[in-house]
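Data block below; observations after.
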Amino acid sequence: MTAKRILVVDNEPYIQEVAQICLEMVAGWQVSTASSGSECLIKAAAEQPDAILLDVMMPEMDGLTTYKELQANQATKHIPVIFLTAKVQPADRRRYAQLGMKDAIAKPFDPLQLASQVATTLGWN
């Protein structure tokens, strides 16, 4: 069985590092990172990850705009996206669901639970 490939997108290097270490160590997944929405679009098209964990609040191109750009591209529209965000109020979650988002995982996240949250959301259990 091949390891799942995850793209973690966050403008905070510390969040990228923690998520990458957790997903690699706990689940054995292959993780790449991106620091911006534009970098995400390039890496998603080139790497074809099995899922993307996407921050909402990023400078220049926020997560919502990045998600819409991913959905507009035939090469990336099939990749499931999970928001990794502090914006998880019920109104935020309704908005994400209307956009077709798989789920939103709240920041700060529990590093030891992150892989199981992603796996449960995507039915990888």
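Model, not experiment: these values are computed from the prediction.
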So which atom in [X] and which in [Y] form the shortest heavy-atom distance, rounded to 0.1 Å?
X      : Y     : answer
Ala104 : Thr85 : CB-CG2, 4.3 Å
Pro49  : Ile79 : O-CG2, 3.6 Å
Leu7   : Cys40 : CD2-O, 3.9 Å
Ala19  : Val8  : CB-CG1, 4.0 Å
Met58  : Gly37 : CE-N, 3.9 Å
Gly63  : Leu54 : O-CD2, 3.4 Å

Open item on the list: To the nearest 0.5 Å, what is the distance between OG1 on Thr33 and CG on Leu53?
Closed with: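 If we round to the nearest 0.5 Å, Thr33:OG1 and Leu53:CG are 11.5 Å apart.
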
Open item on the list: To the nearest 0.5 Å, what is the distance between CD1 on Ile82 and CD1 on Ile105?
Closed with: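 Nearest 0.5 Å value for the CD1-CD1 distance: 5.0 Å.
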
Looking at side-chain heavy atoms only, is the closest gap between [X] and [Y] below 4.5 Å?
X     : Y     : answer
Ser38 : Ile42 : no
Ile52 : Ile6  : no
Lys87 : Met57 : yes
Asp92 : Phe83 : no

Open item on the list: Pair Leu64, Arg95 - check side-chain contact (heavy atoms from CB on, under 4.5 Å), show working.
Closed with: CA-CA 10 Å; Leu64 291 171; Arg95 183 174 178 206; 3.1 Å; yes

TODO: Applying salt bridge (Lys or Arg N to Asp or Glu O under 4.0 Å), name anything that partners Arg93, two or more places apart in sequence or on another chain.
DONE: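 Counting only residues at least two positions away or on another chain, Arg93 forms a salt bridge (Lys or Arg N to Asp or Glu O under 4.0 Å) with Asp103.
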
Cluster question for you: counting only ILVMFWY and a side-chain heavy-atom cut-off of under 4.5 Å, with indirect links fine, are [X] and [Y] together?
X      : Y      : answer
Leu112 : Val118 : no
Leu23  : Ile15  : yes
Val81  : Met61  : yes

TODO: With sequence neighbours left out, write down each residue that passes side-chain contact (heavy atoms from CB on, under 4.5 Å) with Ser116, or none if nothing qualifies.
DONE: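 Applying side-chain contact (heavy atoms from CB on, under 4.5 Å) to Ser116 gives Gln113.
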
TODO: Just jot down the side-chain contact (heavy atoms from CB on, under 4.5 Å) partners of Glu39, sequence neighbours excluded, or say none.
DONE: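 Here the qualifying residues are Ala34, Ser35, Ser36, Lys43.
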
TODO: With sequence neighbours left out, write down each residue that passes side chain to side chain donor-acceptor pair (under 3.5 Å) with Lys107, or none if nothing qualifies.
DONE: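 Expected list: Asp10, Asp55.
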
- [ ] Just jot down the side chain to side chain donor-acceptor pair (under 3.5 Å) partners of Glu47, sequence neighbours excluded, or say none.
- [x]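 Side chain to side chain donor-acceptor pair (under 3.5 Å) list for Glu47, sorted by chain: Ser32.
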
Sidechain-backbone polar pair: [X] side chain, [Y] backbone, donor-acceptor under 3.5 Å:
X     : Y     : value
Tyr67 : Leu99 : yes
Arg5  : Gln48 : yes
Asn73 : Leu70 : no

TODO: Would you indicate whether Met25, at its atom CE, is surrounded by more than 12 heavy atoms from other residues, nucleotides or ligands within a distance under 6.0 Å?
DONE: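 At most 12 heavy atoms, drawn from other residues, nucleotides or ligands, come within 6.0 Å of this atom.
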
Task: CD/Gln71: more than 12 non-hydrogen atoms of other groups inside 6.0 Å - done: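 Counting other residues, nucleotides and ligands, CD of Gln71 exceeds 12 neighbours.
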
Task: Among Val56, Leu41, Val9, the one residue meeting side-chain contact (heavy atoms from CB on, under 4.5 Å) with Thr66 - done: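 It is Leu41, the one option of Val56, Leu41, Val9 that forms the side-chain contact (heavy atoms from CB on, under 4.5 Å) with Thr66.
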
Open item on the list: With ring-ring contact (aromatic ring centres under 6.0 Å, His included) as the rule and sequence neighbours excluded, what pairs involving residues 98-125 come up?
Closed with: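 Non-adjacent pairs meeting ring-ring contact (aromatic ring centres under 6.0 Å, His included): Trp29-Trp124.
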
Open item on the list: Could you check whether Glu12 and Gln16, counting side-chain N and O atoms only, form a donor-acceptor pair closer than 3.5 Å?
Closed with: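 Gln16 vs Glu12: no donor-acceptor pair found between side chains.
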
